[in-house]
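These numbers were taken from a predicted model, which means no experiment stands behind them.
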Amino acid sequence: TEAESLRLHLASSNSTGYMGVRDETGRFRAERSHVHLGYFDTALEAAVAYARAVGQEKAEASRGGKKRGGKERSGGGGGGASAAAASEGGGKRRKARSSLHT
């Protein structure tokens, strides 16, 4: 994680010790802004996933974010979509139609 310059988000009020990480029967769930990031074997792995999501959000915000329909998109999906899939265009998109007809 040091090579990626990630900052882990500690939380003393959380039983796992990390913000955005929950213990769910032996597996650790990472979640950021109501977006499920995945289940992990250790709390540290889940905390790294959370830190990556925070880093992605900051990078997108510094680039001005992605706009669609006048609203900013955070790259998150919903319904269990991972942040990585959402940021790689994993969502459904409509193809643009050409205005030229022959």
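- Contact check for Leu10 versus Tyr18: side-chain heavy atoms found under the 4.5 Å cut-off.
- Using modelled atom types, no side-chain atom of Thr16 and backbone atom of Ala43 make a donor-acceptor pair closer than 3.5 Å.
- Atoms NZ and CZ, on Lys58 and Arg7 in that order, are 6.5 Å from each other to the nearest 0.5 Å.
- Residues that satisfy the side chain to side chain donor-acceptor pair (under 3.5 Å) test with Asp23, not counting sequence neighbours, are absent from this structure.
- Here the closest heavy-atom approach between residue Ala46 and residue Ala30 is recorded as O-CB, 3.5 Å.
- Separating the CG atom in Leu8 from the CE atom in Met19 is a distance of 11.5 Å, to the nearest 0.5 Å.
- No side-chain heavy atom of Arg29 sits under 4.5 Å from any side-chain heavy atom of Val21.
- Evaluation of the ring-ring contact (aromatic ring centres under 6.0 Å, His included) test over residues 39-63, restricted to residues two or more places apart or in two chains, returns His9-Tyr50, His36-Tyr39.
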For this session: Could you please spell out the steps behind the side-chain contact (heavy atoms from CB on, under 4.5 Å) verdict for Leu37 and Glu31?
Result: CA-CA 5 Å; Leu37 303 172; Glu31 183 177 272; 5.6 Å; no
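- Separating the CD atom in Glu24 from the CZ atom in Arg27 is a distance of 10.5 Å, to the nearest 0.5 Å.
- Contact annotation: the side chain of Leu6 approaches that of Arg52 to within less than 4.5 Å [non-hydrogen atoms, C-beta and beyond].
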